[in-house]
Participant: 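Please read through the structure below; I'll follow up with questions.
Just so we're on the same page: letters track the sequence lines, and every chain starts at 1.
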Amino acid sequence: MQQNDEFDNEGLKVTAELLSANPDFYTLWNYRRKTFLHIKDTVAAEELQTTMLNELSFLEQCLKINPKSYGTWHHRGWVLENMPEPDWKNELRLCNKFLEFDERNFHCWDYRRLVVKEANITPEEELQFTTNKIESNFSNYSSWHYRSKLLPLVYGDNSQPTGMKEEQLISECMLVQNAFFTDPSDQSAWFYHRWLLGRVTRPLRLESILICRPQGIVVVGLSHATELERTTKIHLAVGETMLSPKWRTANGESCSTVWICDTDVLSNNNATMKITVELQTSDPPQTVELAADESRVHWLRSYLPGTRFRHEISAAANDVLTQELTTLQQLHDLEPENKWVLLTVISLMRALDPLSHENETFDYINKLIEVDPMRTSYYLDLKSKFIIENALESRPPNATTVDLSNKGLTTLVHADAMVSMETVNLSHNSLQCLPDLGYLQGVRVLNLDGNKLSTCKAFYCLSSLEELSICDNMIKHCVTELLLLKTVSDISTTEDLGALKSCTRLTRLHLKGNPVCEKKSDIVDFLMSLEKKC
Amino acid sequence: MFRRPLYMLDPEPATSAAPIKDVTIPDTAPNTLLMDKHISYIAAYGDKKDDYEYCLTEYLRMSGIYWGLTAMDLMHALDKMQRDEVLDFVKKCQHECGGISASIGHDPHLLYTLSAIQAFLTLHTVPPWSSSIVLDHRSDHYHVLCLYDAMDTIDVDRVVKYTAGLQQDDGSFFGDKWGEVDTRFSFCAVACLSLLNRLDAIDTEKAVDFVLSCMNFDGGFGSRPGSESHSGQIYCCIGMLSILEKLHHVNVDMLGWWLCERQLPSGGLNGRPEKLPDVCYSWWVLASLKVIGKLHWIDKKKLIHFILASQDDETGGIADRPGDIVDPFHTLFGVAGLSLLGYEDIKTVNPVYCMPEYIIRRLDVQPQILS
């Protein structure tokens, strides 16, 4: 019938029968829409209204048979938008009915959001609707989700660090507590709770600066990953002279927390220099002085102990968090095996004081692995993260060494917070793979002995690296993979020649105890290619 | 100052906690991969054209073809598919506007346009069928040649025009001219154009902004701004951001935690909290975790056990969960999931495109994968 452009009642009747049985037959919905558009041009508004009302009752029947069809819900919205007098308030009643039947039907929730917009329902009214829903059944992820969208609209307050009025935050905390005291194993409330306490968007600002004279590089660490040209600029001045440098990332990605600039000004000059770095934001500029006899200097933003990584966990005031922790510890006493309680207690302790709570948090992590063994790797990675954060928190401001050996690490995080480090010891852990280590532009000595690494992909263009020790790992095919050179030369046809140059300082490589050591000729080839480069 | 309500001073442990929704795997369930049976099942599926079930699914035929071809390729059995018949079918499904429909006489839609491109590249990148093509995967010409070879099948320029024409001012995509907006369509458009090497045809920056406006409190994504997170949508949004190399916008720790919490005691994964496990989420959750570098956060052994238990040891094929009726959709996503889990004898699958990795490499497409 479609081929003949026949749009009539007979066609509507046939497609209706087929669609009640198979609402996903999208072409048939299209046919009906074409028919209605055809009718629209030929009949009076009243008749069209009647036709469309009939269509709405047909659709309601379809939804009763299959309430989860994309096509049916979309068609309903189309009909409303194309009828002379749509009754959006009535649609809200329909949504209420269907959500009564299945409170997790996301098709209906999505349709509801369209209706709310068209019917001018206020966020306050909708927030009340979710409160009612949650009070009748706490285990209702869809309602909690909707609340996360509405709460900032209704109680938003940008002067607060959480972005929300504090008394509202507290009363919301109580609603969530009601939920998890009623059913502590229901994950909905726990995910919501995590969100409620943990919203911080830090402004873009400088976190670290590293200047290396011999390599001729300025390395700038930012508070979050940025696409430089698109969002901001980094200005660089030596003395009074503004440079117009080209910034790059270590691995060639377009977005990073660490940006590098190569400049001859540093290496061509042995005098004392004042180097100023400024972001094109409200962040104040930072100036570092590189003395005549120095080859490198760095600046790090200073933090009160235990606050360096807090933004990732919570923006709420300490008294709110303390009260939450007390309540959660009571729940923990009642439900010592409950993983959600354990995880939330850990999170609150980290937000309040990661250093003094260190041992307790590790005990709780071990408990988590015991009660939820399926997610062991997740918990171990979390523990590694805490260990690394605490190590970075407690280092003296001018330290250039970080010792993370023998800590049972399963993952390496926050490499971008180690930009200024000269010596990084990660030996005797359980690292199986590494993130790109391009952030470690200042590292001269890197120790990864006694891990479980099988490739060396991560050691790509570390411009200061002089000594790499990677004994007792599982590197098998060495040369193609280990060969920094080979990897780099493949890429060098693009634009990484500068990076290739910066790899040349590696002079000591310890490989003992890897399967690859059995292939002597490969190793010799590799070392020769290293020499050629120097 | 914060004060607890009275009733919490002496809270009682919950006694009426809802039981976790999950399934029990029977001891008799299969526990090895019945690859030969799956190959026969898929090979035979298209032969039963008069079957009631086959007719009932005509509205998604094109996707069915892509599911079957990919599953077969991953199981080293692509040669058992009717290549010419499929290509002829794809050709007949392309419309004047450039869009491709699920079946002949149906309307064009982005969902089936992507499936058609996936199916067609799978058939055009495999030797010996592509013997007319230079098989040096490093050659820049390969892509061009590959498409050139297929020019008689699909009018690529029109596919590009159709896809780009569905982008809206806010960066979102309609699924077809009838105006349904969904992040699934953002994925379809970007995946399709990237496979055709024609991302320049759309405003990728706006496309990314729209997808990011669908991000939620749990780090996941929904179908439209305001919509609840769902593993299927997350897969689409993560895939789209990966192709456009914008994964830095993703809160990896939060999303990874939410995704690994999809695993239930049976080992299977659900798509949202408090839902039953389903084999297709082995794909959507797993692929998303792979792309953000957190595949190891779930228990691989238990998930393999769940997928294997969802096989039908008589008919072949994989169902949504143990004991249910099998279909090609769950068969592909079960096999692809096993591939991501490193199950032996299955070809490596690309987590973003759900196509064999060797095809993606030959096309020189490199979606971003976090380590």
Side-chain angles (χ1 to χ4, degrees), chain A residues 2-3 22 24-27 29-30 33 70 74 78 104 106 109-110 113 139 141-142 145-146 148-149 170 173-174 177-178 181-188 191-192 194-195 225 253-256 312 319-320 323-324 327 330-331 334-335 373-378 381 433-436 457-458, chain B residues 1-5 7-8 11-14 16-18 20 56 58-60 101-102 105-107 109 176 178-180 182 205 216-218 222-224 226-230 245-246 248-249 253-254 256-258 260-261 263 265 267 272-275 293-294 296-299 302 368 370-371:
Chain A
Q2 201 172 332
Q3 275 74 12
N22 195 352
D24 293 330
F25 200 153
Y26 69 102
T27 303
W29 290 120
N30 296 347
R33 285 190 279 268
Y70 284 100
H74 175 246
W78 185 89
R104 298 295 306 285
F106 69 82
W109 280 107
D110 282 350
R113 278 179 274 269
S139 174
Y141 196 86
S142 305
H145 157 79
Y146 198 15
S148 78
K149 299 286 174 191
I170 290 167
C173 282
M174 295 207 291
Q177 282 176 20
N178 267 337
F181 268 87
T182 307
D183 181 358
S185 62
D186 171 49
Q187 55 185 291
S188 310
F191 278 112
Y192 186 73
R194 170 70 64 93
W195 168 77
E253 284 178 358
S254 61
C255 185
S256 180
E312 290 184 14
D319 55 349
V320 176
Q323 191 55 55
E324 284 289 297
T327 311
Q330 287 174 1
L331 188 52
L334 294 163
E335 299 266 334
M374 265 197 304
R375 276 161 279 269
T376 298
S377 299
Y378 170 66
D381 280 2
C433 61
L434 292 169
D436 199 309
K457 280 186 295 192
Chain B
M1 189 47 220
F2 184 86
R3 292 187 54 183
R4 284 178 300 134
Y7 55 84
M8 261 193 213
E12 291 195 357
S16 60
I20 296 175
L56 214 60
E58 196 187 335
Y59 70 89
L60 49 70
S101 51
H106 291 229
D107 289 347
H109 196 285
D176 62 15
W178 295 102
E180 188 181 5
D182 195 306
E205 241 174 73
N216 290 322
F217 78 110
D218 46 26
S223 52
R224 288 186 282 278
S227 303
E228 181 182 341
S229 297
H230 179 289
E245 294 182 58
K246 302 288 178 193
H248 57 272
H249 292 295
D253 284 348
M254 186 68 210
W257 175 45
W258 191 88
C260 78
E261 280 297 342
Q263 189 164 34
R272 296 190 284 158
E274 327 294 355
K275 292 283 179 184
K294 303 295 177 198
H296 60 289
W297 282 1
I298 55 123
D299 186 327
K302 291 198 85 166
Q368 186 185 9
L370 302 179
S371 59

Participant: Do you know which two heavy atoms are closest between A/S142 and B/R272, and how far apart they sit?
Facilitator: OG-NH1, 3.9 Å
Participant: Which region of B/H248, side chain (C-beta onward) or backbone (N, CA, C, O), has a non-hydrogen atom less than 4.5 Å from a non-hydrogen atom of chain A, or is it both or neither?
Facilitator: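 B/H248 touches chain A through side-chain heavy atoms alone.
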Participant: Does B/D299 reach the main-chain N or O of A/P373 with its side chain, forming a donor-acceptor pair under 3.5 Å?
Facilitator: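 No.
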Participant: Can you tell which part of A/Y146 gets under 4.5 Å to a heavy atom of chain B, answering side chain, backbone, both or neither?
Facilitator: neither
Participant: Hey, could you give me the SG/CD distance between A/C255 and B/Q368, rounded to the nearest 0.5 Å?
Facilitator: 9.0 Å
Participant: With distance as the sole criterion, is a donor-acceptor pair present between the side chains of B/D176 and A/Y26 under 3.5 Å?
Facilitator: no
Participant: Return the option, out of B/S371, B/G293, B/S227, with the maximum number of heavy-atom pairs under 4.5 Å with chain A.
Facilitator: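 Maximum pair count with chain A is reached by B/S227.
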Participant: Chain A heavy atoms under 4.5 Å from B/E58: which part of the residue, side chain, backbone, both or neither?
Facilitator: neither
Participant: Which atom pair, heavy atoms only, marks the closest approach of B/P273 to A/R104?
Facilitator: O-NH1, 2.8 Å
Participant: For A/K149 and B/G226, which heavy atoms make the closest approach, and how far apart are they?
Facilitator: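 Here A/K149 and B/G226 meet closest at CE-CA, 4.0 Å.
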Participant: Give, as side chain, backbone, both or neither, the part of A/L331 having an atom under 4.5 angstrom from any heavy atom of chain B.
Facilitator: neither
Participant: Of the backbone (N, CA, C, O) and the side chain (C-beta and beyond), which part of B/L60 lies under 4.5 Å from a heavy atom of chain A, both, or neither?
Facilitator: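 Nothing of B/L60, per the 4.5 Å heavy-atom cut-off to chain A.
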Participant: Could you give the distance from CZ (A/F191) to CE (B/M254), rounded to the nearest 0.5 Å?
Facilitator: 6.0 Å
Participant: For A/N22, which atoms come within 4.5 Å of any heavy atom of chain B: side chain, backbone, both, or neither?
Facilitator: side chain
Participant: Roughly how far, to the nearest 0.5 Å, is the OH atom of A/Y378 from the CH2 atom of B/W297?
Facilitator: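 OH of A/Y378 is found 5.5 Å from CH2 of B/W297.
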Participant: A/R375 and B/C260: which non-hydrogen atoms are nearest, and at how many Å?
Facilitator: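 Scanning both residues completely, I find the closest heavy atoms to be NH1-O, 2.7 Å.
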Participant: I need the residue from B/L370, B/D182, B/L56 with the largest number of non-hydrogen atom pairs under 4.5 Å to chain A.
Facilitator: B/L56
Participant: Of all heavy-atom pairs between B/W178 and A/N30, which one has the smallest distance, and what is that distance?
Facilitator: CD1-OD1, 3.1 Å
Participant: Do the numbers put A/R194 on top of the ring of B/W258, so that NZ or CZ is under 6.0 Å from the six-membered ring centre and no more than 45° off the axis?
Facilitator: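 Geometry flag: not set, cation outside 6.0 Å or 45°.
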Participant: Look at the rings of B/F217 and A/H145 and say which category their plane angle falls in: under 30° parallel, 30 to 60° tilted, over 60° perpendicular.
Facilitator: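 B/F217 vs A/H145 ring planes: tilted.
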Participant: Nearest heavy-atom pair of A/D110 and B/S223: which atoms, and what distance?
Facilitator: OD2-OG, 2.9 Å
Participant: Taking side chain as everything from C-beta outward and backbone as N, CA, C, O, which of these in A/D381 sits under 4.5 Å from a heavy atom of chain B? Side chain, backbone, both or neither.
Facilitator: side chain
Participant: State the CD-OG distance between B/E274 and A/S139, to the nearest 0.5 angstrom.
Facilitator: 4.0 Å
Participant: Measuring heavy-atom distances to chain B, does A/R113 have an atom under 4.5 Å in its side chain, in its backbone, in both, or in neither?
Facilitator: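 The side chain, not the backbone.
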